[in-house]
Amino acid sequence: MGQIENVLSENRAFPPSEEFRAEARVSSEQAYQRMHAESVARPEVFWDRVAQDLPWIEPYDKVLDWSDAPVAKWFSGGKLNASAVCLDQHLETIRSGKRAIIWEGEPGDTRTLTYTQLHLEVCRFANVLKARGVKKGDRVAIYMPMIPELAMAVLACARIGAIHSVVFGGFSAQALADRIEDGGCSAVITADGGWRRGKVLPLKKEVDAALENLAAKADAPEVHTVLVVRRTENEVAWSEGRDVWYHDLCAEASTECEPEPMDSEDVLFLLYTSGSTGKPKGIVHTTGGYMVGAYFSTQMVFDLQDEDVYWCTADVGWITGHSYIVYGPLANGATCVMYEGAPSEPHEGRFWEICERHKVSVFYTAPTAIRTFMRWGDEHVERYDLSSLRLLGTVGEPINPEAWMWYRRVVGQERCPIVDTWWQTETGVIMIAPLPGVTATKPGSATRPFFGVDAAILDEDGKELGPNEGGLLAIRKPWPSMLRGIWGDEARFRETYWSKWAGEPIYFPGDGARKDEDGCFWILGRVDDVINVSGHRLSTMEVESALVSHPVVCEAAVVGRPDDVTGQAICAFVTPTKEAEVGAALIAELNAHVSKEIGKLARPAQIRFTDALPKTRSGKIMRRLLRDIAAGVETVGDTSTIEDLTVLAKLRGFED
Ligand code: PRX
């Protein structure tokens, strides 16, 4: 890779207001500098202090053991339980009656659970799992809509030491089956359906299809239980013995369940994410370090105060939902808003209506959502009283300065600091972000490394680059919530993340970035074959494999192209068989096929047919050329014309 071009030349900066600073948890540049320097130079001392806040069942004897790098051990010897960190510790305090979750369903139904009530429900849920034979170390797939039972399911698994693997409800039966198989899950928790854009998303039906698909495989894991929560009351098929209604079992379940003492390094969850091959990776997170990171980053980056009403709009199916809907905020005893449905349902002001109704003070969303709101128009925001808001956040992809400025002006009314947070499924928690009481924010920059994060910009050879030189983002020191591996594939773990540079292990996140003269980081996007569509990570190979599995597709190449709303959009170049009838019907069929293989989120925005894909003499697809064509740098025909890309490659001098 050559040096990445610096695409942004943004120089506005917004220091926190005096009013915000006065109340903030960290409010001076000196404090940030001192704490950051210590966290990097003496991580054992720094993280020991933070970890003292958590209710350990047994104390740890070593903060960090990096002797087996790149597999870190944090807080070795300690025992704790993540659900007890989120719930039990608050019960003896004034927070027991505090609202933990304020939930709204898409149709407008609501449910509020205090910490005491949530604790009770989680214990009951945990007992239901136990009654079905789920035990410590078992893997449980969770495929649910955004209802309170999703948070309960996650916490119930944690309570009994079962490893949860949440699969986003937008993934197809096939994608779910792949994840159940890879993780060796023996139980699935789902719902009859969920509400999305006024329609029922038939989740149980997808689970049935996934398990049918697995039953046909010789070495697939046996799923003994499908636990179904009733939500939409749509008709569902039933497999006697395997399928059980949650409400039936929960009626008999006790509301007491002692949390399982878990070793710091016991696995808390798996979460699948896309890499540069066709096979998603089961990212492994363990208990102690992850909880310390989730707890502390939530508190610091969102400057969480006891009276805050905090809303992260992500889905629990993604890492953002794990760390910043469930584990981080609950570990802090925060009041969290959770919403089931689409932002446009029943009108385009729904999010702001929710903010007004529940007096949301901290609001965390994705750039793609912000761009959508911008397009819908200011009036949908301005109709509501958003004076309760005091802090805004964004995550998932680079935010363009225009969208950042709109967010600040229209939603934040020029009053709220914006924390642009860079991190990944693998990092577990926020890695680069402003400290809102200290950092002067810049539109489009995630600004500075969080505590414990030693971030740098390196070139391919590992040389550190100077201010504003584009290069590869690197993390040079271990951090508590870092991934511990890829489930069942240690070689891939080492190869993907730790082999970019020779010498001491350095973590390679796969992003390009630059660092400006103030030490602020500007993320420039992925440098591998991962694309980011509406903040959802997809591998080009994954979509290519899905396309190629259709009988009329000989070959496919998938690239990302810039998109005003989704950040990147998928553009597929497809070589069909000679017999194929190329046209709109085939495009629709291929789209449906990709939806079936992966999920709607992976459908190409554009499919172009071609006689042959442009390749180098060694047979590599010339993705750079395809990216240019997809971005419209070179306009060639319309979507359904056969293009001879090989000729084009020659013309443009791309052949090697
Ligand atoms: O490319 C970066 C982008 O999203 C990737 C991580 O995706 P995922 O594991 O799905 O986690 C998303 C939510 C944490 C990163 O490698 N990304 C994430 N946050 C930002 C970002 N790019 C720029 N700015 C961000 N704030």
Side-chain angles (χ1 to χ4, degrees), residues 4 7-8 10 166-168 170-171 269-276 280-285 293-294 297-298 301 312-325 327-328 364-371 392-401 403-404 407 418-434 441-450 453 455 472-475 481-483 486 496-497 507-515 520-539 542 560 566-568 601-602:
I4 300 164
V7 285
L8 301 168
E10 169 64 53
V166 185
V167 179
F168 172 58
F171 278 117
F269 64 85
L270 306 182
L271 184 59
Y272 284 82
T273 189
S274 299
S276 21
K281 309 175 276 198
I283 301 301
V284 177
H285 281 290
S297 58
T298 307
V301 178
C312 165
T313 72
D315 191 291
V316 174
W318 308 108
I319 190 68
T320 307
H322 282 59
S323 304
Y324 298 110
I325 294 179
Y327 289 115
Y364 189 31
T365 196
T368 186
I370 297 167
R371 291 190 293 262
L392 304 175
T394 107
V395 59
E397 52 178 314
I399 180 164
N400 43 314
W404 194 101
Y407 196 28
I418 297 178
V419 290
D420 175 355
T421 62
W422 176 87
W423 58 295
Q424 307 179 297
T425 306
E426 292 87 340
T427 69
V429 307
I430 293 166
M431 299 291 277
I432 302 180
T441 55
K442 303 183 185 186
S445 171
T447 75
R448 301 188 296 187
F450 186 62
V453 177
L472 304 170
L473 183 58
I475 312 291
S481 64
M482 66 198 290
L483 78 166
I486 295 176
T496 311
Y497 304 111
Y507 175 77
F508 174 50
D511 279 354
R514 71 181 165 95
K515 185 164 99 166
C520 288
F521 286 78
W522 299 75
I523 308 295
L524 301 172
R526 301 288 309 193
V527 295
D528 53 10
D529 292 326
V530 172
I531 42 183
N532 195 324
V533 182
S534 298
H536 301 154
R537 238 167 102 170
L538 289 161
S539 123
E542 218 175 329
T566 59
Q568 281 189 297
L601 70 171

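Worth knowing before you read on, the calculation uses all heavy atoms, side chains too, and leaves out hydrogens, waters and symmetry mates. In listed order, ligands and their atoms are each counted from 1.
Below 30°, between 30° and 60°, or above 60°: for Y507 and Y497 the angle between ring planes is below 30°, a parallel geometry. A perpendicular orientation is assigned to the rings of Y324 and Y364, their planes being inclined by more than 60° (bins at 30° and 60°).
In this structure, the separation between CD1 on I430 and CZ on F450 is 7.5 Å, given to the nearest 0.5 Å. Distance check: T394 OG1 to I399 CD1 gives 4.5 Å after rounding to the nearest 0.5 Å.
Using modelled atom types, one side-chain atom of R537 and one backbone atom of S274 make a donor-acceptor pair closer than 3.5 Å.
In plain terms, the two heavy atoms of R371 and T566 that are nearest each other are NH2-C, 3.6 Å.
Annotation: ligand 1 has protein neighbours I319, T320, V395, G396, E397, P398, D420, T421, W422, W423, Q424, T425, D511, I523, R526, N532, R537, each with a heavy atom less than 4.0 angstrom from the ligand.
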